[in-house]
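Pasting in a structure now, in structure tokens, and then I'll have a few things to ask.
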Amino acid sequence: MTDDVLRIGAHELSSRLIVGTGKYPSMEVMREAHAASGASMVTIAIRRINLDNAEGKTLLDFIDRSRYAILPNTAGCYSAKDAVLTARLARELLETDLIKLEVIGDAQTLHPDARETLAAAEELVNDGFTVLPYIGDDPIACKQLEELGCAAVMPLAAPIGSGLGVCNPYSIRIIKERAKVPVIVDAGVGTASDAAIAMELGVDALLMNTGIARAADPVLMASAMKHAVVAGRRAFLAGRMEKRLYASASSPMQNLISTQTP
Amino acid sequence: MRAIVNGAARELPDAVTVGAALELLGSAREGVAVARNDRVVRRAEYDVETVAEGDRLEIIEAVAGG
């Protein structure tokens, strides 16, 4: 367990929990939660600056880049074209080849548009990016993204921000069994047990935002998630016992004490 | 001349460089990146690449997200 490093392309992660920067009550709470999560990578989004509002402190002032690798996303993009431009701007801004590719198809479900995601992935891989695509829990789409050269695949556990936990553990298992690149469950984890369940399925890492940021105490939840990811990972590696329908005593059934006269 | 900056029309001097346009727009700082007509303008190109009538500029920054 001392060398359980996750490798994504040329990048190495010491923690299997990747956390977001959105929805925190304050930047200070976010920074504390990041520390409590033990994460070594955090996600950020890219947006147009507000030209009519003078700058103050920006998000990057609250992220210690010597401690956290930054994974920019293309959240909010509905087309491959917008996602590719966003990724290229992120690379210029942050000097990273990492991109969390997210091309959504619908504002209510925030489910990915597989066709646009595949198109963007192909272009970004060819442009030298380390592409981590957010995708549905679809083994075929995941395999296609892998074949295009994505460095990982990131199937959702449940809709973004829903906190519903792993809705389709069987698909996630199939995706993991067939993938040759890391599988990172992205979106839908609501509490520590959800995180442990996902990791016990054997996936390589989790990416979460709302589950931590919207907890009543985000810093405490970040710590809970850290431990849940470690617990789930270790349980997976340990190999769980088989389930049985009937009981199996843990204490010997021989040499029992008896008050009955023989 | 007019260019479209972050989706809105803005008046800029003729043949202004990208770097000078950022200064005029109050956006010349660390933590921003620029695209002109859907192509990223590298920092090293700020003083040579110019903005033309009708060009679209995107000036972006990192914000909180998941």
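Values below: every heavy atom of this structure, side chains too, minus hydrogens, waters and symmetry copies. Chain letters run A, B, ... following the sequence lines, proteins first, then strands; residues in each count from 1.
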For residues A:Thr130 and A:Asp97, is any side-chain donor paired with an opposing acceptor at under 3.5 Å?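 The criterion, which ignores hydrogens and geometry beyond distance, is satisfied for A:Asp97 and A:Thr130.
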Output the option from A:Gly22, A:Ala45, A:Ala75 having the highest count of non-hydrogen pairs under 4.5 Å with chain B.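 So the answer, after comparing A:Gly22, A:Ala45, A:Ala75, is A:Ala45.
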Do you know which of B:Val41, B:Val5, B:Val40, B:Val34 has the most heavy-atom pairs with chain A at a distance under 4.5 angstrom? B:Val40
Heavy-atom pair count under 4.5 Å with chain A, highest-scoring of B:Ala33, B:Gly7, B:Gly66: B:Gly66
Go through the steps for A:Lys23 and A:Thr210 under the test side-chain hydrogen bond (donor to acceptor under 3.5 Å, both in side chains), then give the verdict. CA-CA 7 Å; A:Lys23 299 182 179 173; A:Thr210 312; 2.8 Å; yes
So does B:Arg56 pair up with B:Glu58, basic N to acidic O under 4.0 Å?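 Salt bridge: no.
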Note: B:Arg36-B:Glu49 ion pair, threshold 4.0 Å (strictly below): yes
Given the rule in the side-chain hydrogen bond (donor to acceptor under 3.5 Å, both in side chains) test, do A:Thr191 and A:Asp194 qualify, once you have shown the distances and angles that lead to the verdict? CA-CA 5 Å; A:Thr191 190; A:Asp194 296 338; 5.9 Å; no
Which portion of B:Arg43 sits near chain A, non-hydrogen atoms under 4.5 angstrom: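 Contact with chain A involves both backbone and side-chain atoms of B:Arg43.
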Tell me which of these, A:Asp186, A:Thr43, A:Asn209, A:Leu89, has more heavy-atom pairs under 4.5 Å with chain B than the rest.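 Highest number of pairs under 4.5 Å: A:Leu89.
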Among A:Val42, A:Asp82, A:Thr21, single out the residue with the greatest number of heavy-atom pairs under 4.5 Å to chain B. A:Thr21
